[in-house]
Amino acid sequence: VQLQASGGGLVRAGGSLRLSCAASRRTLSNNGVGWFRQAPGKEREFVAAISWSSITYYADSVKGRFTISRDNAKNTVYLQMNSLKPEDTAVYYCAAARGSWYYTSGPQYNYWGQGTLVTVSS
């Protein structure tokens, strides 16, 4: 499966962005999908994940502000980001697992998109 992340950009603190993760070559409907991010000089960290049945899980740092969802008809997973903060600035990556559950660790994912940059100005 190939993943294409998009939707990043520059936004002011308090603003919103919606990231998309579109899959090609095969359906994602039976797979767990996650979003991760990596800020400059920092390690990659888990952001949010969704199971095949749309059970979701979030990092504490984004809980209540970010929402992950999936549209199986479009073979796409979304990350709606509201109330953005400067500390949300990072390259955001989507990833898909061969398994169907949600996973919070990078090695549990098998396929990765190329990343999309989110910059939040203060």
Side-chain angles (χ1 to χ4, degrees):
V1 61
Q2 286 190 328
L3 302 176
Q4 179 76 35
S6 62
L10 174 63
V11 64
R12 289 186 175 180
S16 298
L17 282 174
R18 188 177 79 158
L19 305 184
S20 298
C21 178
S24 60
R25 296 194 175 184
R26 55 166 285 185
T27 179
L28 273 184
S29 61
N30 297 320
N31 301 84
V33 177
W35 285 95
F36 292 77
R37 67 187 181 187
Q38 187 166 21
K42 295 188 177 181
E43 293 187 353
R44 182 180 63 193
E45 65 175 357
F46 168 78
V47 176
I50 188 166
S51 73
W52 73 277
S53 58
S54 294
I55 296 172
T56 59
Y57 190 85
Y58 299 92
D60 287 343
S61 59
V62 307
K63 202 172 295 183
R65 300 188 298 122
F66 291 11
T67 302
I68 188 171
S69 63
R70 63 193 308 156
D71 184 337
N72 289 336
K74 295 183 178 180
N75 216 21
T76 300
V77 171
Y78 302 99
L79 185 68
Q80 177 67 44
M81 306 186 295
N82 298 330
S83 302
L84 283 161
K85 305 175 181 180
E87 51 264 43
D88 293 318
T89 295
V91 177
Y92 283 71
Y93 299 90
C94 64
R98 292 197 183 100
S100 59
W101 197 234
Y102 63 81
Y103 308 98
T104 61
S105 175
Q108 294 174 300
Y109 289 89
N110 306 98
Y111 310 99
W112 291 82
Q114 84 291 357
T116 184
L117 176 63
V118 172
T119 304
V120 184
S121 63
S122 57

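Predicted model, so just to flag it, every value in this text is computed and none were measured.
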What pairs with Glu87 under salt bridge (charged side-chain N to carboxylate O under 4.0 Å, His left out), at least two apart in sequence or on another chain?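 Once residues adjacent in sequence are excluded, Glu87 has no partner under the salt bridge (charged side-chain N to carboxylate O under 4.0 Å, His left out) criterion.
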
Can you list everything that forms a salt bridge (charged side-chain N to carboxylate O under 4.0 Å, His left out) with Arg65? Sequence neighbours excluded, please.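 Salt bridge (charged side-chain N to carboxylate O under 4.0 Å, His left out) check on Arg65 returns Asp88.
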
When you measure from the side chain of [X] to the backbone of [Y], do you find a donor-acceptor pair of N or O atoms at a distance under 3.5 Å?
X: Arg70; Y: Val33; result: no
X: Ser29; Y: Thr27; result: no
X: Ser51; Y: Ser53; result: yes
X: Asn82; Y: Ser16; result: no

For Val118, enumerate each residue passing the side-chain contact (heavy atoms from CB on, under 4.5 Å) test, keeping only those at least two apart in sequence or located in another chain.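 Per chain and number, Val118 pairs via side-chain contact (heavy atoms from CB on, under 4.5 Å) with Leu17, Leu19, Met81, Tyr92, Val120.
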
Taking every non-hydrogen atom, the tightest pair across Val91 and Gly115: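 Closest approach of Val91 to Gly115: CG1-CA, 3.9 Å.
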
Contact summary for Ala49 and Tyr102, nearest pair of heavy atoms: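 Smallest interatomic distance, heavy atoms only, reads CB-CB, 3.8 Å.
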
Find out if a path of hydrophobic residues (ILVMFWY) with successive side-chain heavy-atom gaps under 4.5 Å connects Ile50 to Phe66.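 Yes, it is one cluster - the side chains of Ile50 and Phe66 are joined through contacts under 4.5 Å.
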
Decide whether Val77 and Tyr103 are clustered together by the hydrophobic rule: side chain heavy atoms of Ile, Leu, Val, Met, Phe, Trp, Tyr closer than 4.5 Å, transitively.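 No, Val77 and Tyr103 fall in different hydrophobic clusters.
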
Expected list for residues 55-64: side-chain donor-acceptor pairs under 3.5 angstrom, two or more places apart:
| residue | atom | partner | partner atom | Å |
| --- | --- | --- | --- | --- |
| Tyr58 | OH | Ile68 | N | 2.9 |
| Asp60 | OD1 | Lys63 | NZ | 3.1 |

As an exercise, state the distance from [atom1] of [X] to [atom2] of [Y], rounded to the nearest 0.5 Å.
X: Arg37; Y: Arg44; atom1: CZ; atom2: CZ; result: 13.5 Å
X: Thr119; Y: Leu84; atom1: OG1; atom2: CG; result: 10.5 Å
X: Asn75; Y: Cys21; atom1: CG; atom2: SG; result: 9.0 Å
X: Asn72; Y: Ser54; atom1: CG; atom2: OG; result: 6.5 Å

Listing request: all ring pair (Phe, Tyr, Trp, His ring centres under 6.0 Å) pairs with a residue in residues 15-38, at least two apart in sequence or in separate chains.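 Counting only pairs at least two positions apart or across chains, the ring pair (Phe, Tyr, Trp, His ring centres under 6.0 Å) contacts touching residues 15-38 are Phe36-Phe46, Phe36-Tyr109, Phe36-Trp112.
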
Give the table of side-chain donor-acceptor pairs shorter than 3.5 Å for residues 1-13, with sequence neighbours excluded, one pair per line with atom names and distance.
none

Between Arg26 and Tyr111, is there a side-chain heavy-atom distance shorter than 4.5 Å?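 Contact flag for Tyr111/Arg26 side chains = yes.
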
